[in-house]
Every structure is written in structure tokens, then in C-alpha cells.
*Asks:* 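This is the structure I want to talk about, given as C-alpha cells.
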Amino acid sequence: QVQLEESGGGLVQAGGSLRLSCSVSGSTFSSPGVGWFRQAPGKEREFLSAINWSGDRNGATVFDAESVRGRFTISRDNAKNTIYLQMNNLKPEDTAVYYCAFRKTGMAIKESLYDYWGQGTQVTVSS
């Protein structure tokens, strides 16, 4: 059973930065993918970024949503089995619960294609 645990959320002022972490345990799959999503109050869950399970960002395949491209960066640490989401220049509209998700094989944009989810971490950006 794959388990994911997010951390790193909190309250930050507009223009600030946060780094979210997603610790992954229990995986025995050879080519999984991990994605970051968020859900704001009253809105549908939104895809942000995904990375395949191989090496750091420079050697990995990454896909970012246009809405966060240039501000959010996904990366991973093999030794720590952890996926990160570095978020810069945060805006009040980035306020949401942020989730990481695990897919047994490959990356995806659709949340329905992911097999396991974390509990989420709250990010609040004040103006």
C-alpha cells in the first residue's frame, strides 16, 4: 500500500514562497508518476504539475500546468523518496488545499488516473 504525506503548507504573504513536500512510502512500482493538485473552496480540484519517478528535475520528465508555469517547480529527491513543489511569487488566488497523488505507471493530468492520494496541506496567501 502506497502512502503519501504532504507537509510544508502554511500562511504566507503575497509575493512570498513556500516549499511543499510529499513523502512517498510503500511503492514497489518501477515507473510511477507523482502529481500535485490543489483545491480551493467551492472549486474543482486543479492539476498543477507532475513528474515521473526517475532522477532529479533535469533528468526527469515534468509537466506543468500553464497557470503555474514559471512560478511553481516540481522536483524529487530519490534518497528521501520525496517530491517537492517549490512555489514562488504566491498570490491570494493560490490559497487552497494542496494534494500530492501517486500513479502506478507514468504521469497524468486527470485526477481520476491517480491511484493514491495524500491528505492535503493548507496553503493560505494573504494580500
Side-chain angles (χ1 to χ4, degrees):
Q1 180 78 2
V2 176
Q3 294 184 323
L4 301 95
E5 183 174 2
E6 303 96 336
S7 61
L11 174 64
V12 63
Q13 289 187 335
S17 298
L18 282 174
R19 188 178 76 160
L20 305 183
S21 299
C22 174
S23 176
V24 182
S25 61
S27 173
T28 59
F29 302 99
S30 59
S31 302
V34 176
W36 281 100
F37 293 76
R38 69 184 178 189
Q39 188 166 23
K43 295 187 177 181
E44 294 185 351
R45 194 171 296 184
E46 175 190 13
F47 169 81
L48 299 175
S49 187
I51 189 168
N52 68 339
W53 196 256
S54 61
D56 62 18
R57 182 184 173 92
N58 291 332
T61 301
V62 171
F63 184 80
D64 302 314
E66 187 171 351
S67 60
V68 298
R69 196 168 294 159
R71 294 194 302 128
F72 292 7
T73 303
I74 192 170
S75 64
R76 67 157 298 179
D77 185 325
N78 288 354
K80 296 182 179 180
N81 284 339
T82 300
I83 302 292
Y84 301 101
L85 186 68
Q86 177 67 43
M87 306 187 295
N88 298 326
N89 190 23
L90 284 162
K91 306 174 182 180
E93 51 264 41
D94 293 318
T95 295
V97 178
Y98 284 69
Y99 299 90
C100 63
F102 180 96
R103 188 167 188 247
K104 294 175 182 178
T105 303
M107 301 186 296
I109 295 175
K110 290 184 177 181
E111 62 176 288
S112 62
L113 296 178
Y114 283 83
D115 302 293
Y116 303 96
W117 290 81
Q119 294 296 314
T121 185
Q122 177 71 46
V123 171
T124 303
V125 184
S126 63
S127 58

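For clarity, every value in this text was computed on a predicted model and none was experimentally measured.
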*Asks:* Look up atom OG1 in T105 and atom CG in N52, then write down how far apart they are to the nearest 0.5 Å.
*Replies:* 12.0 Å

*Asks:* I'd like to check Y116 versus Q1 (side-chain heavy atoms, cut-off strictly below 4.5 Å). Are they in contact?
*Replies:* yes

*Asks:* Counting C-beta onward and ignoring hydrogens, is there a side-chain heavy-atom pair between V2 and D115 closer than 4.5 Å?
*Replies:* no

*Asks:* Below 4.5 Å, heavy atoms only, C-beta onward: do L48 and L85 meet side chain to side chain?
*Replies:* yes

*Asks:* Please check: side-chain N/O of E6 versus main-chain N/O of G120, any donor-acceptor pairing under 3.5 Å?
*Replies:* yes

*Asks:* Any side-chain donor paired with an acceptor under 3.5 Å for R38 and Y98?
*Replies:* yes

*Asks:* So that I know where these two stand, are F37 and W117 an aromatic pair - ring centroids less than 6.0 Å apart?
*Replies:* yes

*Asks:* Please give me the minimum heavy-atom distance between S49 and I74, naming the atom from each residue.
*Replies:* OG-CG2, 3.1 Å

*Asks:* Report yes if the side chains of I51 and I83 come closer than 4.5 Å at any heavy-atom pair, otherwise no.
*Replies:* yes

*Asks:* Looking only at non-hydrogen atoms, find the nearest pair between C22 and W36 and report the distance.
*Replies:* CB-CZ2, 3.6 Å

*Asks:* Do T82 and D77 have a side chain donor and acceptor closer than 3.5 Å?
*Replies:* no

*Asks:* Given 3.5 Å as the limit, does a donor-acceptor pair link the side chain of R103 with the main chain of P32, or not?
*Replies:* no

*Asks:* Could you measure the distance from the CD atom of Q119 to the OG atom of S7? Nearest 0.5 Å is fine.
*Replies:* 13.5 Å

*Asks:* Under 3.5 Å, is there a donor-acceptor pair linking the side chains of S67 and E46?
*Replies:* yes

*Asks:* Tell me if the CD atom of E93 is crowded by more than 12 foreign heavy atoms within 6.0 Å.
*Replies:* yes

*Asks:* Just checking, R76 and Y84: is the charged tip under 6.0 Å from the six-membered ring centre and within 45° of the axis?
*Replies:* no

*Asks:* Hey, what do you get for OG (S21) to CG (L18), rounding to the nearest 0.5 Å?
*Replies:* 10.5 Å

*Asks:* Closest approach of Y114 and A50, non-hydrogen atoms and distance?
*Replies:* OH-CB, 3.7 Å

*Asks:* Which heavy atom of S127 sits nearest to which heavy atom of A14, and what is that distance?
*Replies:* CA-CB, 4.4 Å

*Asks:* Before giving the answer on side chain to side chain contact (heavy atoms under 4.5 Å, CB included), spell out for L20 and T121 the whole-Å C-alpha distance, their side-chain angles and the decisive distance to 0.1 Å.
*Replies:* CA-CA 8 Å; L20 305 183; T121 185; 4.0 Å; yes

*Asks:* Can you hop from L4 to M87 via hydrophobic side chains spaced under 4.5 Å?
*Replies:* yes

*Asks:* Roughly how far, to the nearest 0.5 Å, is OG of S126 from CG of L90?
*Replies:* 10.5 Å

*Asks:* Could you check whether any side-chain N or O of T95 sits under 3.5 Å from a backbone N or O of V125, counting only pairs where one atom can act as donor and the other as acceptor?
*Replies:* yes

*Asks:* Which atom pair, heavy atoms only, marks the closest approach of G118 to Y99?
*Replies:* O-CD2, 3.6 Å

*Asks:* Take T124 and V12, measure what side chain to side chain contact (heavy atoms under 4.5 Å, CB included) needs, and give me the verdict at the end.
*Replies:* CA-CA 6 Å; T124 303; V12 63; over 6 Å; no

*Asks:* Could you check F63 against F47 for side chain to side chain contact (heavy atoms under 4.5 Å, CB included), going step by step and ending with a plain yes or no?
*Replies:* CA-CA 10 Å; F63 184 80; F47 169 81; 3.5 Å; yes

*Asks:* For residues Q86 and F72, determine if any side-chain heavy atom of one lies less than 4.5 Å from a side-chain heavy atom of the other.
*Replies:* no

